[in-house]
Structures are given as C-alpha cells and as structure tokens.
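Written out below as structure tokens is the structure these notes cover.
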Amino acid sequence: MLTLLLVFMPWCASAQEAHTVKIGFSGPLSGALVVAGKDALNGMQMAIERLNQQRVEIGGKPVRFEAVIKDDKGESQRGQVVARELSELGVKAVLGPFNSDVALTVAGIYEEAGIVALTVASNPKVTQAGNGFMFRIAASDSDIGSKIARYAERTLKLRNVAIIDNGSSYGRGLIDEFQRTARKGGMQIVFKENVQERMTDFSALLSTLNNTRAEAIFFGGYAAQGRLLLQQMRQTGMRKPLLGGDALCTLEMAGVVDDMRDDAVYCAQGGVWLTRVSDGAVFSSTYQRKFGRAPDVYAATFYDGMMLLVQAMKSANSSNPAAFAPVLAKLRYKGVAALYEFDGKHDLKESTVTILRLKADGLTPLSSF
C-alpha cells in the first residue's frame, strides 16, 4: 500500500486543477484610438499565453490567467462603466486605461474596489492623487513633453514653434511640459490654438498659422486627428515639421508621410526603442509572426505589465491585490520595454524617452535619453 501511495501522490499533484486569476483590460477597441488599443491588447494576450504555458504557481498552487476584455472607447463615461463592470467580475488587476481622460476618471473606482491598475496614461495628475492601486508603467508627460522640447531646441535648432491643443487631458499635460522646457531653452511659442478633439477641418487654422514665424508645429493630441492635420498641412503645401508625443509614434501616421517631400514628423515615446535591445528584437519578431504586423506604440509595455503583475503576485505568494500591491510598489523588474521600479507616487523611477522620426515605411529611432 505504501508503494501504491507514493506512486499515486505525484499523479494527484499534477492533476490539481489550476485556479483562475482574472486580469482586466480597459482600452479603446473601437473609435479613434482603436489601432493603439488593439496593439496594447495583443501585447497583454501574448504575455498571458506565455504564462499559461509556463504553468505558474502562486502560493504553491497552480494558476491560470484569464483576460477579461472591455472596450472603454477612450471615453471617460464609458471608462467608468467598464471600471465598475470589471470590479463586479472579480478581476485582481487591470491593464489600462490607455488614455489620460479615462484614467483620471476611473482611478477612484479602482481604489475603492481595491483593484491594481497599470496604466500608460501620461498626464502627471494620474498618479498625484495618492492612489495606492494606480501605477504608471510608461513615461509621463513630464518626461515626454520636456525631452522632445529639448530635442527640438538642441538638435533641430528650432526657435519659433506653433502649438495646437486638442483639449484632451493627454494633450494638456504634454503641452504644459513642452512649453515649460521650450521657453527655458529659448524657443518662442509664436502661435497657439485650441481645437475640439473631433475637429477634422484644419484649413482656416493652417491658413492663419502659415502667416506666422513658426518653424514647426507641436500637436497635443492623438494619431487619428494628427493624421488628418498632417494630410491637410501637405495638401496646402505646408512643409513644416510636425512634432508630438507618444500618441503620434504609430504606423497609423505613416501612410501620410512622403519621405522625399516631408520635412519630418518627430515623436517621443517612453522607453528604449525595441529594435535597439535584444529582448525587444525578439518580442518584435514574435509579434510580427503572430499578428502579421509590427508592434505599435505600447504592445511591449502591456506585455511587460502582465509579467510585472505576475512577478508581484509570486513574490507576495498571493493574487490578492491587498497583498501584492505593496510588493509591486517596491519591486524592481527588467522588462522588454523598460526597467520597472516605482517612486512614491507610483511613477517609474527611470523614464527613458526615445525620439523617433516617422517615415513612410515606419519609425526610425534617433536618440534616447
């Protein structure tokens, strides 16, 4: 009987049913930001697939991760609905929200529910409320806006710049930092215009702007609207460079670019560009094979975010957010896109930013600092 028991026990352990840990996704899977949202979701799903193949154990028990996917459309009101739905569905953490307007609106909901949220929303206010469950896993506007301003002044040698603000929380945070650093560096803001997020006709604005001393335009907004702006700039013969934040670092913009005629589109994205690091190159090729296209803005960051969550759970021996959130706050984790280590506000301690130039066939990294 003893021999039979010894043979039987390992079989029982291997057959132990895995406990399901639900992780929410909140991002724009429809609407103007759909390209970025699907790219981010792809990164998360790649991580979950890999983790489930590895048969992760937490607290000595096997677990299986399940994505609970919600489309917040990049809209604040819809984001609140999604946050409450995810809370009711028992998720332990959320990857998202993607954009600042949604993140600022739902932070309190996740705090009250005790759910960890890992966001790439860049407005500095997202992490300034002392929320113990909200973590930013990408560079903030403080880094992105200031560093592209430094590049514009020191490398592009710009002295007079126009600003177009689409009124989003993302745009406002980015522009505030760009302006502050630009003025310190001696650049002049010679034109500034506020537009609606859904504005599609820039003809009158561009006609006025063309009569100013502006050498370039800095756009505080997302790619869908930025693409229309760039199209109309080129249709009117305006060859001024277009500058922007991480939202413009997307292949969604590439179809508008004419390498032989465009002065350039420059954008700034948090992290070191994937092709410049070994893990990033592997991630890019794997993503390409799986989805038939190159990764876009934040696929690798959402992949890292999922891995980061699981590392915190394993270190805490628990998938309970109350247990692993304090561990996450002190964790140091080397991911594909960045080194993840948080300060007291749950911003990244080290926020490398890469300046990229957009060409017709993709993005070319120019400088990281």
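Numbering starts at 1 and runs along the sequence shown.
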Inset, instruction - For Arg213, look at atom CZ and say whether over 12 heavy atoms of other residues, nucleotides or ligands are found less than 6.0 Å away. - result: no

Inset, instruction - Examine Val116 and Tyr340 and state if one hydrophobic cluster contains both, with Ile, Leu, Val, Met, Phe, Trp and Tyr joined whenever side-chain heavy atoms are less than 4.5 Å apart. - result: yes

Inset, instruction - Check for a donor-acceptor pair, side chain of Thr208 on one end and backbone N or O of Ala204 on the other, with a separation under 3.5 Å. - result: yes

Inset, instruction - Determine whether more than 12 heavy atoms belonging to other residues, nucleotides or ligands lie under 6.0 Å from atom CD of Gln77. - result: no

Inset, instruction - Report whether Val81 and Leu33 are members of the same hydrophobic cluster (ILVMFWY, side-chain heavy atoms less than 4.5 Å apart, transitive linking). - result: no

Inset, instruction - Test Leu205 against Ile164 for side chain to side chain contact (heavy atoms under 4.5 Å, CB included), laying out the working first. - result: CA-CA 9 Å; Leu205 183 154; Ile164 298 177; 3.5 Å; yes

Legend entry - Heavy-atom pair of closest approach, residues Gly271 and Thr354: O-OG1, 2.6 Å

Legend entry - Ser100 side chain to Ser122 backbone, donor-acceptor under 3.5 Å: yes

Legend entry - Co-membership, hydrophobic cluster, residues Leu104 and Val120, 4.5 Å side-chain: no

Inset, instruction - With rounding to the nearest 0.5 Å, note down the distance linking CZ in Arg227 to CG in Leu242. - result: 13.0 Å

Legend entry - Whether over 12 other heavy atoms sit under 6.0 Å from Gln196 CD: no

Inset, instruction - Would you please test Val21 and Ile23 for side chain to side chain contact (heavy atoms under 4.5 Å, CB included) and show each step? - result: CA-CA 7 Å; Val21 176; Ile23 306 296; 4.1 Å; yes

Legend entry - Audit row: Arg357, Thr364, side-chain hydrogen bond (donor to acceptor under 3.5 Å, both in side chains) steps and yes/no: CA-CA 5 Å; Arg357 177 173 178 172; Thr364 300; over 6 Å; no

Inset, instruction - Using the side-chain hydrogen bond (donor to acceptor under 3.5 Å, both in side chains) rule, take Ser169 and Arg172 through it: C-alpha gap first, then chi angles, then the decisive distance, then the call. - result: CA-CA 5 Å; Ser169 296; Arg172 285 194 299 271; 3.2 Å; yes

Inset, instruction - Apply the ring-ring contact (aromatic ring centres under 6.0 Å, His included) test between Phe283 and each candidate in Trp273, Tyr303, Phe291; give the one that qualifies. - result: Tyr303

Inset, instruction - For the residue pair Ser87 and Ile109, establish whether any side-chain heavy-atom pair is separated by less than 4.5 Å. - result: yes

Inset, instruction - Kindly indicate, with the supporting measurements, whether the criterion side-chain hydrogen bond (donor to acceptor under 3.5 Å, both in side chains) is fulfilled by Asp347 and Thr127. - result: CA-CA 7 Å; Asp347 284 327; Thr127 54; 3.0 Å; yes

Inset, instruction - Check step by step if side chain to side chain contact (heavy atoms under 4.5 Å, CB included) holds for Phe202 and Gln225. - result: CA-CA 10 Å; Phe202 297 94; Gln225 193 174 31; 3.7 Å; yes

Inset, instruction - Kindly say whether Ala214 contributes a backbone atom to a donor-acceptor pair with the side chain of Lys240 at under 3.5 angstrom? - result: yes

Legend entry - Residue Lys334 excluded, over 12 heavy atoms near NZ under 6.0 Å: yes

Legend entry - Nearest non-hydrogen partners of Pro321 and Pro326, listed with the distance: O-CD, 4.1 Å

Inset, instruction - Check salt bridge (charged side-chain N to carboxylate O under 4.0 Å, His left out) between Arg183 and all other residues, then give those that pass, not counting sequence neighbours. - result: none

Legend entry - Heavy-atom donor-acceptor pair, Ser168 side chain to Gly221 backbone, under 3.5 Å: no

Legend entry - For Phe65, ring pair (Phe, Tyr, Trp, His ring centres under 6.0 Å) partners two or more places apart: none

Inset, instruction - Give a yes or no on whether Ile115 and Met44 share a hydrophobic cluster (residues Ile, Leu, Val, Met, Phe, Trp, Tyr; joining criterion: side-chain heavy atoms under 4.5 Å apart). - result: no

Inset, instruction - Could you verify whether a donor N or O on one side chain and an acceptor N or O on the other, from Thr119 and Arg136, lie under 3.5 Å apart? - result: no

Inset, instruction - With the side chain counted from C-beta on, respond yes when Phe369 and Arg150 share a heavy-atom pair under 4.5 Å apart, and no when they do not. - result: yes

Legend entry - CG on Leu309 to CG on Leu118, rounded to 0.5 Å: 4.5 Å

Legend entry - Check: Leu331 and Glu341 side chains under 4.5 Å, non-hydrogen atoms: no

Legend entry - Polar side-chain atom of Lys192 near backbone of Ile189 as donor-acceptor pair, under 3.5 Å: no

Legend entry - Separation between CD1 of Ile58 and OG of Ser319, rounded to the nearest 0.5 Å: 5.5 Å

Inset, instruction - Using modelled atom types only, decide if a donor and an acceptor are shared between the side chain of Thr155 and the backbone of Ala152 within a distance under 3.5 Å. - result: no

Inset, instruction - Please examine the side chains of Ser315 and Phe324, heavy atoms only from C-beta on, and report whether any two atoms are closer than 4.5 Å. - result: no

Legend entry - Audit row: Asn42, Tyr287, side-chain hydrogen bond (donor to acceptor under 3.5 Å, both in side chains) steps and yes/no: CA-CA 8 Å; Asn42 287 345; Tyr287 187 103; 3.0 Å; yes

Inset, instruction - Starting from the C-alpha separation in whole Å, work towards a yes-or-no answer on side chain to side chain contact (heavy atoms under 4.5 Å, CB included) for Leu230 and Val265. - result: CA-CA 9 Å; Leu230 182 61; Val265 176; 3.7 Å; yes

Inset, instruction - Give a yes or no on whether the ring-centroid distance for Phe178 and Phe218 is below 6.0 angstrom. - result: yes

Legend entry - Test item: Asp141 side-chain N/O and Gly145 main-chain N/O as donor-acceptor pair under 3.5 Å: no

Inset, instruction - Indicate if Met187 and Ile148 have the same hydrophobic cluster label, given that clusters are the connected sets of ILVMFWY residues with side-chain heavy-atom separations under 4.5 angstrom. - result: yes

Inset, instruction - Determine yes or no for a side-chain-to-main-chain donor-acceptor pair under 3.5 angstrom, with Glu215 supplying the side chain and Arg159 the backbone. - result: yes

Legend entry - Sub-4.5 Å side-chain heavy-atom contact between Met307 and Val310: no

Inset, instruction - Would you please test Tyr298 and Phe302 for ring pair (Phe, Tyr, Trp, His ring centres under 6.0 Å) and show each step? - result: CA-CA 6 Å; Tyr298 281 122; Phe302 273 67; 7.2 Å; no

Inset, instruction - Of all the heavy-atom pairs spanning Ala139 and Ile144, show the shortest one and how long it is. - result: O-CD1, 3.7 Å

Inset, instruction - Test salt bridge (Lys or Arg N to Asp or Glu O under 4.0 Å) on Glu49 and Lys290 and set out the steps. - result: CA-CA 12 Å; Glu49 183 177 315; Lys290 187 172 182 63; 2.9 Å; yes

Legend entry - Hydrophobic cluster partners of Leu339 (side-chain heavy atoms under 4.5 Å): none

Legend entry - NZ on Lys92 to CE on Met313, rounded to 0.5 Å: 8.5 Å

Legend entry - Lys38 side, atom NZ; Leu29 side, atom CG - distance, nearest 0.5 Å: 7.5 Å

Inset, instruction - Indicate whether the side chain of Thr250 and that of Asp296 have a donor and an acceptor atom separated by less than 3.5 Å. - result: yes

Inset, instruction - Please check if the side chain of Asn166 supplies one atom and the backbone of Glu197 the other of a donor-acceptor pair under 3.5 Å. - result: no

Inset, instruction - Give a yes-or-no answer on whether the side chains of Ser26 and Asp72 include a donor-acceptor pair shorter than 3.5 Å. - result: yes

Legend entry - Over 12 non-hydrogen atoms of neighbours within 6.0 angstrom of CD in Glu112: no

Inset, instruction - May I ask you to decide if the ring planes of Phe135 and Phe342 are parallel, tilted or perpendicular, using 30° and 60° as cut-offs? - result: perpendicular

Inset, instruction - To the nearest 0.5 Å, tell me how far Arg64 CZ sits from Ile48 CD1. - result: 9.0 Å

